[in-house]
Amino acid sequence: MNLENARTALKKYYGYDSFRPLQAEVIQAIYNKKDVLLLMPTGGGKSVCFQIPAVTMEGTCIVVSPLISLMKDQVEAMRANGIRASYLNSSLTYPEQQAVENDLFNGHLDLLYTSPEKMASQEFMPLLRSAKICLFAIDEAHCISSWGHDFRPEYRQLRFLKKTFPDVPVMALTATADKLTRKDIVVQAELRNPEIFIASFDRPNLSLEVRPGRKKLEQIIEFIEKRPNQPGIVYCLSRKSTEMLANKLRDNGINAAAYHAGLDEHTRPKVQEDFINDKTTVICATIAFGMGIDKSNVRWVIHYNLPKNIEGYYQEIGRSGRDGSEADTLLFYSAGDVAMLREFITEGDSQHREIQLAKLDRMHQYATALICRRKILLNYFNETMLENCGNCDVCKNPPKDFDGTVIAQKALSAVSRLDEQVGTGMLVDVLRGSKSYNLVSSGFDKIKTYGAGKDIRQEDWFFYLEQLVNQGLIEIAYDDHSKIKLTDASKSVLFAGQKVQLVRAEILQKRKEEEAAKTTTRTKRTTERQRVRDELFEHLRQLRLDLARKKGVPPYIIFGDATLEEMAAERPTTEADLSQISGVGEQKLREFGRVFLDGIQEFLLTKKDEGMRIAGSTYLETFRLYKQGATVDEIAAQRGMQVTTVFSHYAYLYEKGENINIWSFINKAEAQRVAEVLHGMEPPFKLQDVFIALKEEVEYGKIRLGIAWYNKQSKHVS
Ligand code: ADP
Ligand code: ZN
């Protein structure tokens, strides 16, 4: 086996032209019979790493996975690509299991997914021994380590693999593993001198944004309305807030549902399924949602509250954009969330608590950072990124500092004069000279700094106070009604002339304006061509949905969003062109090609009827009339063209793989005569030369068809 075989298989089964980073290297290692440990983020393309060896090597690849609920979908996705895959787990009936086992025994499977329990069971062993196995792939391999966050004791038994099958390579795969877990996987699985591959954890297609957590509902509705029909998840901290939010969104006409562990056993899978099948667009969920699902076209993720740590945050936003297409993520940050999360951290011994607090701090720093956010994330996972990413809110609107000493002095002085007895809301009211009842009745309008910050807008004050907190110049006493207190550092600002740098609040306004200007990635393209492209994408999405409903599979199993996007941009109208689109492998071309080609052709003709100029539409027009049963003469008359031109359209369409029955216009003997003449000629063939060579006995139209037939045949031969 070599990488050429692998590349051919990648095109044939998946319709992809090239490997992603590390895929080729991993596959080569397996061809070399090496054990492999592969760390790759979700969406990085791990599956291809064992599926390609599975379809190119002799024997079956056994995939061990703890996620029984995913197996069916994964197997379905592979079958849609023409791969012979099955699964064995406790959800199957006995006869079903037997059938699969027979297939394994008879060598009829490229891949078999199974659970660790099944693998280790006594009755499975003899079958494994008698089957031809090319590779063991251990998915979610961190489950084998008690250092990992998801230890499963039954995984430990997998160490028998190398003992029993020393010559079969083992590939351990995971998306999450720190250094300790990584080492432990190698030890626990008893991998022999494995090649270790660590992919970058960067997910450049995910945009990153953090906003102050005020008026969240309003912001979320606006966000969703700009992304019509785009599936997304809002993560909330509590069950109650998922329900509350889902209700509010529905009140606003958004197709949303809540998901949390408290739903009954019928509702929960139903909610999940409807989301997978694009029936529900928005899910408001607790963080449990998304673990057991494999939906590749989640287009955005919102965090309604600050997550506990960066690992969790990264995993959750990582559930969007798995197909590699653009996805947007938005995190709402508020100091109140930090306080609440701190309170939650009460479990475990003091060391455990300290670690959790430190992790929360890092999350907090991320949320309030003024440098490229992706740098911070990757840095957290021990990766260094030199350039700014250009796809986070900080990169898009770099903050500008200014000398904020006076602002800081006003704020600190007010805190001091209020005897550190008020929270941020009241502090800002005092600074802005509000006449609220509470304020006046407390006598706060009498203090010296009352109204000293009138010129600064309320939300800008919040922004500045947040910065003062982050710089340690004030602190919020979460254990005392979130009152604002001075710190040691405050004194140097108040009394020692210490300067304070702040980031301009205008940035908030600018980000807002940008968001307002930004409609969806799809509708933001404003030119005519782009508008048509969006429209075609929607059309194809609908086709995909109809097809998925008919077949009872999730839409992304038919084609991914990226594939539909490429179709909308390239507008393939023939099979040959469609097969060039990334994601269109042989099986899907056969099974779904016609539906999508018809869809694109129809769409383009409609556009042409509306007066748009569409390249290549003249062929489509002829083809439409042909399909309606018009004769050559009728088409020529209706379209005001020569009969020969109509034949040349037929020839073009036929050569491109369209269903034109040329044999109703030319017989085999005539075609053979044309072919014989062509055989002695150099392409490109001139009609007139062929006509003369055939002693002017065959009409031009037939010659056109004869040439097409000849071309198509020689293409197949070469
Ligand atoms: P993981 O298992 O690492 O989360 P997947 O194997 O599910 O990732 O791959 C994520 C997405 O990327 C899938 O839609 C997959 O088809 C696609 N993909 C994988 N390899 C390639 C490739 N070489 N070219 C284009 N798309 C790819
Ligand atoms: Zn950035």
Side-chain angles (χ1 to χ4, degrees), residues 3 6-7 9-27 38-52 54 63 65 67 70 73-74 77-78 80-81 83 111 113 137-141 171 173-176 197-210 290-291 293-298 315 318-325 327 329 366 369-379 385-399 554-566 581-585 588:
L3 281 180
R7 254 183 218 108
L10 187 71
K11 182 74 197 163
K12 173 176 154 130
Y13 291 104
Y14 300 87
Y16 298 145
D17 292 317
S18 56
F19 284 112
R20 293 235 185 107
L22 290 187
Q23 287 178 332
E25 289 87 336
V26 172
I27 292 166
L38 171 60
L39 268 78
M40 202 179 245
T42 308
K46 282 186 288 300
S47 327
V48 161
C49 295
F50 57 82
Q51 289 173 4
I52 291 285
V63 187
S65 165
L67 302 169
L70 281 190
D73 282 353
Q74 286 168 330
M78 272 178 278
N81 283 332
I83 295 173
L111 281 129
Y113 277 65
I138 306 180
D139 206 4
E140 313 288 340
M171 181 189 296
L173 309 104
T174 173
T176 51
F197 297 94
I198 301 172
S200 165
F201 273 63
D202 191 12
R203 300 278 308 277
N205 60 320
L206 306 188
S207 77
L208 305 170
E209 183 179 359
V210 181
M291 274 196 249
I293 71 165
D294 200 4
K295 184 177 171 69
S296 70
N297 66 332
V298 177
Q315 199 165 48
R319 290 177 186 145
S320 67
R322 293 183 62 162
D323 52 13
S325 293
T329 76
Y366 168 84
L370 299 170
I371 61 163
C372 172
R373 294 198 204 273
R374 203 171 312 266
K375 277 191 170 165
I376 304 178
L377 284 181
L378 291 178
N379 182 27
M385 193 169 95
L386 296 175
E387 304 279 321
N388 285 335
C389 80
N391 195 19
C392 74
D393 53 346
V394 180
C395 283
K396 286 174 191 162
N397 268 307
Y556 63 82
I557 289 216
I558 297 191
F559 285 124
D561 282 8
T563 301
L564 293 195
E565 265 168 23
E566 202 178 318
I581 302 285
S582 177
V584 184
K588 287 189 178 169

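Just so it is clear, the structure is predicted and the values come from calculations on it, not from any experiment. One-based numbering, in listed order, for ligands and for the atoms of each.
Listed for the N205 side chain is a donor-acceptor partner under 3.5 Å among the backbone atoms of G321. Side chain of N81 to main chain of I83: no donor-acceptor pair is present (N/O by atom type, distance under 3.5 Å, no hydrogens or angles). A donor-acceptor pair under 3.5 Å is formed between the side chain of K46 and the backbone N or O of M40. Between the side chain of T563 and the backbone N or O of S582, at least one donor-acceptor pair lies under 3.5 Å. A donor-acceptor pair under 3.5 Å links the side-chain atoms of D393 to the main chain of V210, judged by distance alone.
Side-chain atoms of S18 and R7, non-hydrogen and from C-beta on, never get closer than 4.5 Å to each other.
In this structure, G560 has no heavy atom closer than 4.0 Å to ligand 1. At a 4.0 Å cut-off, at least one heavy atom of P41 sits close enough to ligand 1 to count as contact.
Of all the heavy atoms of A562, none lies under 4.0 Å from any atom of ligand 1, so neither backbone nor side chain is involved.
Residues Y14 and Q51 bring a donor and an acceptor atom of their side chains to less than 3.5 Å of each other.
Heavy-atom proximity to atom 12 (O) of ligand 1, evaluated over R319, R20, Q74, is greatest for R20. Nearest residue to atom 14 (O) of ligand 1 from F19, Y14, F50, Y16 is Y16 (criterion: closest heavy atom).
When only interatomic distances are considered, the shortest N/O to N/O separation between S18 and ligand 1 falls below 3.5 Å. Checked against a 3.5 angstrom limit, the closest N/O atoms of K46 and ligand 1 fall inside it. In terms of polar-atom proximity, R322 is counted as a contact of ligand 1, with an N or O under 3.5 Å from an N or O of the ligand. Considering backbone and side-chain N/O atoms, G43 comes within less than 3.5 Å of an N/O atom of ligand 1.
The minimum heavy-atom distance linking Q23 with C49 is given by the pair CG-SG, 3.8 Å. In this structure, G318 and R203 approach most closely via the heavy-atom pair O-NH1, 3.2 Å.
Rounding to 10 degrees gives 110° for the angle at the Zn ion (ligand 2) between SG of C389 and SG of C392. Put simply, the angle at the Zn ion (ligand 2) from SG in C372 to SG in C395 is close to 100°, to the nearest 10°.
Using a 4.0 Å cut-off to heavy atoms of T42, the atoms of ligand 1 that qualify are 4 (O). The atoms of ligand 1 that sit less than 4.0 Å from any heavy atom of V48 are 19 (C), 20 (N).
Relative to the six-membered ring of Y366, R373 meets both conditions, a distance below 6.0 Å and an angle of at most 45° to the axis.
Among protein heavy atoms, the minimum distance from atom 20 (N) of ligand 1 is reached at Q23 NE2, 3.0 Å. Protein heavy atom in closest approach to atom 2 (O) of ligand 1: S47 OG, 3.5 Å. The protein heavy atom nearest to atom 9 (O) of ligand 1 is G45 CA, 3.5 Å.
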